[in-house]
Amino acid sequence: MPDYATKPLVDVKTILGCDLGVTKLLHLSDGYQFDNPKFGINQATRRLLKIRQRRVNRKAKGSKKHFKADKKVGRLHKRIGDKRQAYQWWVAKTVASRRVDAIAIEELNVAGMLRRCRPKKDDIYGEFLPNGQRLKERIEPRYF
């Protein structure tokens, strides 16, 4: 029987809990944390992206040079995305290789957590009431 096969609940002795974070990517129940690196926002990448996007903007739309410059911007975005994906696969492999019987993952609506709160309006005076958006603004990541 392979290691990755499902076990009956009576055989499960050790469980590893995974908690998704914003400042840290992942918190494990054994105290280990995975950083949340921002691959696309270091100074060199931001500068390169800015330069390449400016070059695209200066070319005549629809021209061959515009197409080639646009392709360079796309390649840079792909490289950033590939780094993110490689890091996520590495984290998944590291968590899965732990010697535990079960891994528990919380199911979160991350998009809803990062999205702005719906404004609450007072029916009598027509003013806006506090809705908790202030708390979200403190932890929301800034990408550019």
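All values derive from a computational prediction rather than experimental measurement.
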Could you walk me through whether R52 and L49 pass the side-chain contact (heavy atoms from CB on, under 4.5 Å) test, one step at a time? CA-CA 5 Å; R52 287 188 180 175; L49 189 61; 5.6 Å; no

So with a 6.0 Å cut-off around CD of Q43, is the heavy-atom count from everything else above 12? no

Between L76 and K72, is a side-chain contact (heavy atoms from CB on, under 4.5 Å) present by the stated rule, with each step listed? CA-CA 6 Å; L76 183 59; K72 280 188 176 181; over 6 Å; no

Shortest non-hydrogen separation from [X] to [Y] and the atoms involved:
{"X": "H77", "Y": "Q53", "answer": "NE2-NE2, 3.9 Å"}
{"X": "K13", "Y": "V10", "answer": "NZ-O, 3.2 Å"}
{"X": "H66", "Y": "S63", "answer": "N-OG, 3.2 Å"}

Rounded to the nearest 0.5 Å, what's the gap from [atom1] on [X] to [atom2] on [Y]? Could you check?
{"X": "I103", "Y": "R98", "atom1": "CD1", "atom2": "CZ", "value": "9.5 Å"}
{"X": "E106", "Y": "C18", "atom1": "CD", "atom2": "SG", "value": "9.5 Å"}
{"X": "L20", "Y": "E107", "atom1": "CG", "atom2": "CD", "value": "12.0 Å"}

Hey, any chance [X] and [Y] share a hydrophobic cluster, counting ILVMFWY side chains that come within less than 4.5 Å of each other, even indirectly?
{"X": "F67", "Y": "V56", "answer": "no"}
{"X": "L16", "Y": "Y32", "answer": "yes"}
{"X": "I80", "Y": "I51", "answer": "no"}

Is any side-chain heavy atom of R54 closer than 4.5 Å to a side-chain heavy atom of R58? yes

Who pairs with A102 by side chain to side chain contact (heavy atoms under 4.5 Å, CB included), at least two apart in sequence or on another chain? V12, I15

Going by the salt bridge (Lys or Arg N to Asp or Glu O under 4.0 Å) test, which pairs reach into residues 14-26, not counting sequence neighbours? K24-D35

Please determine whether side-chain contact (heavy atoms from CB on, under 4.5 Å) holds for the pair F34 and L28, giving the CA-CA distance in whole Å, both sets of side-chain angles, and the decisive distance to 0.1 Å. CA-CA 8 Å; F34 290 96; L28 300 180; 3.8 Å; yes

